[in-house]
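Written out below as structure tokens is the structure these notes cover.
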Amino acid sequence: PDIVAYPSDRVAYGRLCKLLTVGNHRGEKGNPTIYFDDLFGSANPASEEEQGPTEDFSQGQLFILLPDESDWALTEKTLDRLSRQAPGRVWVAGTPRFDGLDRARLNRVAATARRHKALMIASHDAQYHEPDRSMLLDVVTCIREHVTLEEAGFRLTANAERHLKSPREMARLFAEHPDAIAETQKFITRIDFALNQLEYNY
């Protein structure tokens with residue numbers, strides 16, 4: 001499952017940049033290779049000759065885990081380690097899909113988070129800001145996948161709901177999990193970093 005890292009301060013941002021540099025050196029251009037162990041400074045080299053990182057890059061990062069709904073066992077395993085190594089700094093994204101299974105999905109995410117001493121945070125996985133931009137997303141998807149609109153099939157989004165929602169709509173979507181909405185505000189207060197802090201560093 002994907003893990004989104006938010007640096008909480010300027011020092012954590014530096015650590016995140018170093019981690020990305022490790023991945024860029026190891027992988028190909030535009031396709032970095034980062035191992036889960038790298039995040040915590042544990043060496044997990046692809047070969048015996050390769051040197052793994054030693055710094056704990058997770059320090060100062062806030063993490064949101066995006067569940068892999070095709071492999072809940074792997075999601076649990078990943079969340080277990082992440083929450084043990086970064087206690088109090090891990091959330092699990094609850095995301096409506098508008099497929100008729102949202103209630104069960106959000107309940108499962110909330111229960112999974114609780115089992116690993118994490119919290120569910122409201123997410124929407126928005127891909128564009130206004131509803132009428134869904135066609136643009138489809139076109140960009142086709143460009144990325146090197147296919148035509150007719151050939152794209154399931155590569156395209158299943159619905160036109162991937163746009164930003166109003167606070168009222170998000171509250172409606174998470175009516176049974178209001179704490180997930182509250183966590184978004186708590187999460188923001190823990191970030192004391194902005195890109196303008198880098199203005200005079202380069």
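Each residue takes its place number in the sequence, starting with 1.
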Walk me through it: do R108 and E69 pass the test salt bridge (charged side-chain N to carboxylate O under 4.0 Å, His left out)?
-> CA-CA 10 Å; R108 184 171 192 172; E69 295 179 28; over 6 Å; no

Does Q197 use its side chain to pair, donor to acceptor, with the backbone of D192 at less than 3.5 Å?
-> yes

Take N107 and H177 through the side chain to side chain contact (heavy atoms under 4.5 Å, CB included) test and state the conclusion after the steps.
-> CA-CA 8 Å; N107 287 340; H177 298 279; 2.9 Å; yes

Do you know the tightest heavy-atom contact between P7 and F193?
-> O-CB, 3.8 Å

From L149 CG over to M135 CE, what is the distance, rounded to the nearest 0.5 angstrom?
-> 10.0 Å

Do the side chain of S8 and the main chain of G60 share a donor and acceptor less than 3.5 angstrom apart?
-> yes

Applying side chain to side chain contact (heavy atoms under 4.5 Å, CB included), run through L79 and T112 and close with a yes or a no.
-> CA-CA 9 Å; L79 179 58; T112 300; 3.8 Å; yes

So, do L82 and F63 sit near enough that their side-chain heavy atoms are less than 4.5 Å apart?
-> yes

Do W91 and I191 share a hydrophobic cluster (ILVMFWY, side-chain heavy atoms under 4.5 Å, transitive)?
-> yes

Under 4.5 Å between side-chain heavy atoms, hopping through other hydrophobics if needed: is there a path connecting L106 to W72?
-> yes

Ion pair present between D179 and K186, side-chain N to carboxylate O less than 4.0 angstrom?
-> no

Near-ring test Y6/F187, centroid separation under 6.0 angstrom = yes

Measure the shortest side-chain to side-chain distance between T78 and I3 over non-hydrogen atoms and say whether it is less than 4.5 angstrom.
-> yes

Distance (rounded to the nearest 0.5 Å) between F40 CZ and Q59 CD = 10.0 Å

Main-chain N/O of T148 paired with E151 side-chain donor or acceptor, under 3.5 Å | yes

Might you work through the side chain to side chain donor-acceptor pair (under 3.5 Å) test for N31 and E28, ending with a clear yes or no?
-> CA-CA 5 Å; N31 188 26; E28 302 173 359; 4.7 Å; no

For the residue pair H163 and H124, does the interplanar ring angle fall in the parallel (under 30°), tilted (30 to 60°) or perpendicular (over 60°) class?
-> perpendicular

Step by step, would you call D56 with S58 a side chain to side chain donor-acceptor pair (under 3.5 Å)?
-> CA-CA 5 Å; D56 184 352; S58 72; 2.6 Å; yes

Taking all heavy atoms of I181 and all of A171, pick out the closest pair and write down the distance.
-> CD1-N, 4.2 Å

Quick one: CD on E55 to NZ on K18, what's the gap to the nearest 0.5 Å?
-> 4.5 Å

Grab the two heavy atoms, one from V147 and one from A152, that are nearest each other, plus how far apart they are.
-> CG2-CA, 3.9 Å

Examine L39 and L20 and state if one hydrophobic cluster contains both, with Ile, Leu, Val, Met, Phe, Trp and Tyr joined whenever side-chain heavy atoms are less than 4.5 Å apart.
-> yes

Salt-bridge contact R115-D80 (side-chain N to carboxylate O under 4.0 Å) | no

Side chain to side chain contact (heavy atoms under 4.5 Å, CB included) evaluation trace for L136 with Y128 = CA-CA 9 Å; L136 178 60; Y128 43 91; over 6 Å; no

Are the side chain of D71 and the backbone N or O of D68 linked by a donor-acceptor pair below 3.5 Å?
-> no

Does R81 make a cation-pi contact with F36, if we ask for NZ or CZ under 6.0 Å from the ring centre and within 45° of the axis?
-> yes

If you round to the nearest 0.5 Å, how far is CG of D9 from CZ of R190?
-> 11.5 Å

For L66 and A93, the nearest pair of non-hydrogen atoms, with its separation, is CD2-CB, 3.5 Å

Would V4 end up clustered with L119 when hydrophobic side chains under 4.5 Å apart are linked, directly or stepwise?
-> yes

Decide yes or no on side chain to side chain contact (heavy atoms under 4.5 Å, CB included) for L65 and S83, but give the supporting numbers first.
-> CA-CA 10 Å; L65 182 130; S83 60; over 6 Å; no

Nearest-0.5 Å distance that lies between atom CD in E130 and atom CG in L164 | 9.0 Å

Donor-acceptor pair, side chain of R105 and main chain of P96, under 3.5 angstrom | no

Do the side chain of R26 and the main chain of T33 share a donor and acceptor less than 3.5 angstrom apart?
-> yes

When every non-hydrogen atom of F174 is compared with those of S123, the smallest separation belongs to CZ-O, 3.6 Å

Can any side-chain N or O of R114 pair as donor or acceptor with the backbone N or O of M120 at less than 3.5 Å?
-> no

D38 side chain vs I34 backbone, donor-acceptor pair below 3.5 Å = no

Roughly how far, to the nearest 0.5 Å, is CG of D102 from OG1 of T95?
-> 9.5 Å

Any side-chain hydrogen bond (donor to acceptor under 3.5 Å, both in side chains) pairs touching residues 134-147, not counting sequence neighbours?
-> none

Closest non-hydrogen atoms of V109 and P67, given as atom of the first, atom of the second and distance, are CG2-CG, 4.1 Å

Same apolar cluster: L156 and F98, side chain cutoff 4.5 Å | no

